[in-house]
Amino acid sequence: MRLVEIEDLVVSFRQFEGLVQAVRGVSFDLQSGESLGIVGESGSGKSVTCSALLRLLREPPATITAKKLVLGGQDMLRADKRALASIRGRVAAMVFQDPMTSLDPVFTIGHQIVETIVAHKRASKKEALARAIALLKRVEIKNAEAVVRYYPHQLSGGMLQRVMIAMALSCEPAVLVADEPTTALDVTIQAQILQLIKDIQAETGMGLIMITHDLGVIAETVDRVVVMYGGRVMETGPVEAIFAAPLHPYTRALLASIPGQQPGKQRLTEIPGSSPNPANPPSGCPFHPRCPIAEDACRVTTPLLETKATGRAAACIRVPAERVAA
Amino acid sequence: MLQFIIRRTLSMLVTFFVVSIIIFMMMHAIPGGPFDGNDMPLPDNIRARLMAQLGLDKPLWEQYLRYMWGVFHLDFGVPYQSPGETVMGLIAHAWVPSLVLGGLGVLIGAPIGILLGMAAALNRNSWIDYLASAIATLGLTIPVFVISTLLILVFAVWLHWTPASGWGEPRRWILPIMAYAAVPMATYARYARSAMLDTLNKPFVTVLRAKGLSERRIIFQHVLRNSAIPMITIFLPMFVGIATGSIFVEAIFRVPGLGAYFVSSIQKRDYPLEMALMLLISALFCISYLISDVLYALLNPRIRLGGKGR
Amino acid sequence: MSEHALELSQISKEFGGRTVVDRVNLVVPKNQVVALVGESGSGKTTTGLMALRLIEPSAGRILLGGHDITSLRQRDLKPFRRQMQVVFQDSYASLDPMMTLGEIIAEPLAIHAIGTASERRDRARDWLQRVGLDGSYATRYPHELSGGQRQRVSVARALILGASVLVADEPTSALDVSVKAQIVNLLQGLQADMGLSMLFISHDLSVVRSLADQVVVMLRGRVVERGPTDRIFANAHHPYTRALLDAVPVIDPTARRRRTFLTAEEINANTPRFRPEDIEPQPLVDTADPQLVALAGSHFVEAIVTGGR
């Protein structure tokens with residue numbers, strides 16, 4: 001079953017400079033139980049895409065259009081406020097980048113998990129609290145009975161991110177959207193949180209969308225990858241295939257530029273230039289100003305995301321399609 | 001927490017004494033004395049006798065110590081301008097109108113201002129927002145005597161709904177209360193708007209939406225509670241400032257309040273009354289700031305509970 | 001004794017009764033990059049700021065090019081400030097938004113009253129080019145730049161006085177993946193060209209592996225292991241160093257594995273133990289227990305020495 005269907009999503013923001021398109025025609029979908037990674041740099045539109053999926057952006061200044069924007073079988077573009085509130089947290093739950101600012105500082109941890117449960121399920125406060133404690137235990141918080149009475153400032157970042165995960169799981173969502181869930185955390189804590197997310201996904205069979213700028217996180221956690229750049233999808237495919245043989249020159253350059261892959265002090269392969277400014281994007285392919293194999297046509301035509309091999313697609317006119325392409 | 005309150009109380013007492021010395025010195029630094037302003041100058045010997053009677057011939061430090069000794073025994077002396085009563089008695093009866101009118105003004109103005117500010121924050125950049133901003137700006141920029149005069153003109157002279165002035169039956173209170181309400185309303189409208197917007201832009205509000213809470217619950221439980229913390233802390237000092245009377249409002253509406261005495265006691269070098277009024281104001285401000293700080297600490301778990309629990 | 005560009009000796013810092021940095025010894029040899037790694041709360045940034053005397057140490061000594069600068073007054077410190085400069089993580093906060101890039105880069109020259117205004121302008125333009133920006137950027141403002149470009153400007157400003165020691169505090173952490181490599185290469189190139197010595201403070205072990213000659217690992221204010229980069233990455237002895245290295249995501253989806261995580265107590269309980277014959281003769285620090293012991297190949301680790309002959 002398809003949990004998420006996004007087709008030709010465009011998100012623009014009314015800003016001082018005029019209308020700025022942060023997402024320019026993104027399409028992908030997510031099957032139930034699948035884990036999908038969306039990788040991109042700042043300004044690639046990866047976070048905006050997922051906020052738009054849950055309709056979390058303030059509209060205006062944001063404007064969302066799409067041929068399809070479906071979450072758990074419901075048309076998110078048509079849903080009214082009440083329908084949206086009932087979908088969020090129940091069909092799809094989110095975990096955000098900075099756990100330190102993700103919780104309301106004046107309410108206890110327990111209160112904030114309980115209110116989530118009560119919003120979606122028929123449960124008494126007492127039942128909800130018992131469930132909150134069970135969830136905190138599931139995310140490996142040892143003194144869960146005490147932690148429900150804590151205020152957010154009394155916990156470390158790593159613990160708070162566990163709380164956020166417990167809260168996201170509280171209504172057994174079909175999809176967990178994790179937006180840079182480990183970026184603000186220390187390396188060792190990051191590894192623990194990623195392992196926890198993977199374990200829970202395996203256990204519950206929920207779908208996972210992992211948004212990150214870190215290819216290492218992608219390599220560790222997901223089945224399928226969407227590579228975004230300049231508000232567009234550059235490449236999609238199974239994670240092993242993408243890391244073994246990236247199709248798009250951007251993906252290739254990105255993988256090559258990761259430091260520390262070989263021992264020894266050395267010069268790194270760098271990508272010249274900088275990411276496009278969404279307010280003033282380049283014509284044609286967004287990557288052409290930095291692309292080593294760009295030709296004249298790349299400056300003019302915007303390449304479409306085309307199937308290049310089984311299960312793999314890339315938006316690049318310089319990448320030939322294999323004969324086996326389905 | 002208790003330690004915090006004790007520390008703050010002690011520092012408040014020190015502040016209070018320092019302020020009392022400064023006021024006392026400034027008061028006496030103004031040239032002239034209580035018997036200098038009359039049209040008919042007093043003969044020197046009578047003057048000297050009066051001064052001696054009031055203890056004004058003693059060195060300043062002794063006068064101060066005597067005065068404070070009296071204050072310590074709740075004896076604020078006798079006002080020169082009305083020797084028939086005590087300073088305490090005069091303040092007690094003159095304060096009633098100021099407290100009633102100013103207090104009601106704040107109690108009515110502040111909630112209206114909060115509602116205006118909330119409406120503005122929730123409808124950012126809409127006509128409601130602009131209207132609320134305009135009202136807030138007008139309320140803070142138009143002097144209170146202009147507002148008072150306009151109120152009389154509209155409601156008393158043109159519409160004949162209320163009496164123009166006076167003190168007594170509650171009908172006469174309406175216009176001065178409205179005049180007093182302008183500043184707290186405007187202040188709170190601005191304060192509430194920025195506090196709400198500040199909270200609305202916090203990441204945790206997005207998290208609350210992503211959890212599927214209704215917008216009403218998000219606003220009334222989470223956003224309001226977070227925004228209330230800074231708003232509560234300005235309430236008491238504002239109340240003190242307004243409920244001690246305004247010379248302008250009381251003069252225009254002919255209210256026999258405390259306001260007039262602030263000016264007359266200085267003009268007439270009525271040292272006991274002047275000193276008592278100043279001490280009253282500074283004590284009230286000191287206490288209101290102390291309570292505000294304690295409230296702030298109580299409402300904010302980060303301060304109330306201190307560091308990490310774990 | 002002037003063989004080291006920067007030397008911290010038994011340096012400590014206490015904040016409100018809490019020891020944030022505990023008797024740290026650290027040496028940056030000339031023309032080398034020493035990476036100071038650790039997680040939040042390890043004291044690595046405090047150590048870096050003490051080296052710069054931007055935070056005053058509670059105890060210990062700071063030697064810059066062999067000169068003790070620990071207790072110099074600010075005025076006497078000024079000539080040493082020219083030799084030692086800093087680049088921070090947040091290039092946006094550390095560049096004055098009201099100044100042009102040319103002015104920002106030339107400012108250290110103006111502060112030290114070097115050259116005429118036009119000479120300073122020319123040198124600023126030279127430096128813009130050296131850090132890979134066009135000379136025309138001199139008249140632009142920080143907000144017009146991308147994060148990577150701003151970091152280039154920070155580097156130019158830091159090096160225009162001809163510093164010999166650069167302290168870089170997480171200079172690549174706020175940058176996009178595709179730009180990170182540019183800045184690492186820039187620092188590496190300048191280091192080689194100018195004979196710079198660098199203290200590179202970072203939690204990003206991948207960058208450290210490609211850039212540093214030596215690695216110093218800090219945990220809760222103490223150095224627990226240090227040694228040549230290759231040895232640390234290939235043969236770490238301290239359980240915390242191992243945990244840190246093990247936690248780095250592997251860029252190969254076919255090599256996924258479950259990890260086991262040690263708690264702080266387990267790390268403490270697993271302090272390495274050596275017999276005296278396995279270590280180099282001289283313990284580096286003899287006041288602390290457990291202490292840093294010397295292994296072969298200038299590799300030091302916090303360990304307990306047990307069971308002598």
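Because the structure is a prediction, the values reported are computed rather than measured. Naming convention: chains lettered A, B, ... in sequence-line order (proteins, then strands); numbering from 1 in each chain.
- Of the atoms belonging to C:R256, it is side-chain heavy atoms, and not backbone ones, that fall under 4.5 Å from chain A.
- For A:E41, the salt bridge (charged side-chain N to carboxylate O under 4.0 Å, His left out) criterion is met by no residue, not counting sequence neighbours.
- Salt bridge A:E270/C:K180: absent, no basic N to carboxylate O contact under 4.0 Å.
- Counting only distance, with no hydrogens or angles, the side chain of A:E180 and the backbone of A:Q97 share no donor-acceptor pair below 3.5 Å.
- Neither the backbone nor the side chain of A:T183 comes within less than 4.5 Å of any heavy atom of chain C.
- A salt bridge links A:R138 to A:E203: at least one charged side-chain nitrogen sits closer than 4.0 Å to a carboxylate oxygen.
- Of the listed residues (C:P253, C:G132, C:A181), the greatest number of heavy-atom pairs within a distance under 4.5 Å of chain A belongs to C:P253.
- Side chains of C:T241 and C:E225: a donor-acceptor N/O pair is present below 3.5 angstrom, by distance only.
- A distance-only check finds no donor-acceptor pair linking the side chain of C:T19 to the backbone of C:V21 [under 3.5 Å].
- Each of A:S274, A:G40, A:S42 has some count of heavy-atom pairs under 4.5 Å with chain C, and the biggest count is that of A:S42.
- Proximity to chain C is limited to the backbone of A:I218, based on heavy atoms less than 4.5 angstrom apart.
- Of the listed residues (A:D186, A:L194, A:I271), the one with the most heavy-atom contacts under 4.5 Å to chain C is A:D186.
- Only the backbone of C:A212 comes within contact range of chain A, with at least one heavy atom under 4.5 Å from a heavy atom of that chain.
- Per-residue heavy-atom pair counts under 4.5 Å with chain A were compared for C:A247, C:A243, C:S206, and the maximum is reached by C:S206.
- With C:Y137 as the aromatic partner, C:R140 meets the cation-pi criteria of under 6.0 angstrom to the ring centre and within 45 degrees of the ring axis.
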Output, in order, the C-alpha distance, side-chain angles, deciding distance and verdict of side-chain hydrogen bond (donor to acceptor under 3.5 Å, both in side chains) for C:E39 and C:S42.
CA-CA 6 Å; C:E39 299 184 291; C:S42 64; over 6 Å; no
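- For A:D199, the part sitting under 4.5 Å from any heavy atom of chain C is the side chain, from C-beta outward, and nothing else.
- Of the atoms belonging to C:D176, heavy atoms from both backbone and side chain fall under 4.5 Å from chain A.
- No other option in C:L205, C:T172, C:I251, C:N185 has as many heavy-atom pairs under 4.5 Å with chain A as C:N185.
- Most heavy-atom pairs under 4.5 Å with chain A: of the set C:V179, C:D213, C:V184, C:T229, this distinction falls to C:D213.
- Across A:A256, A:G273, A:S257, the residue that shares the most heavy-atom pairs under 4.5 angstrom with chain C is A:G273.
- Of all the listed residues (C:A255, C:G41, C:P249), the one sharing the greatest number of non-hydrogen pairs under 4.5 Å with chain A is C:P249.
- Of the atoms belonging to A:Q192, heavy atoms from both backbone and side chain fall under 4.5 Å from chain C.
- Classification of A:K308 and A:E235 as a salt-bridged pair fails, no side-chain N sitting under 4.0 Å from a carboxylate O.
- With rounding to the nearest 0.5 angstrom, the CD atom of A:E220 is 12.5 Å from the CD1 atom of A:I197.
- Both the backbone and the side chain of A:E240 come within less than 4.5 Å of a heavy atom in chain C.
- With a threshold of 4.5 angstrom between heavy atoms, A:Q261 approaches chain C through its backbone and through its side chain.
- Ranked by heavy-atom pairs under 4.5 Å with chain C, the list A:I242, A:L255, A:T221 is led by A:T221.
- With a 4.5 angstrom heavy-atom cutoff, C:F233 does not touch chain A via any of its atoms.
- Of the N and O atoms on the side chains of A:T212 and A:D214, not one donor lies less than 3.5 Å from an acceptor on the other residue.
- C:R220 and C:N268 are linked by a side-chain donor-acceptor pair at a separation below 3.5 angstrom, with hydrogens and angles left out of the test.
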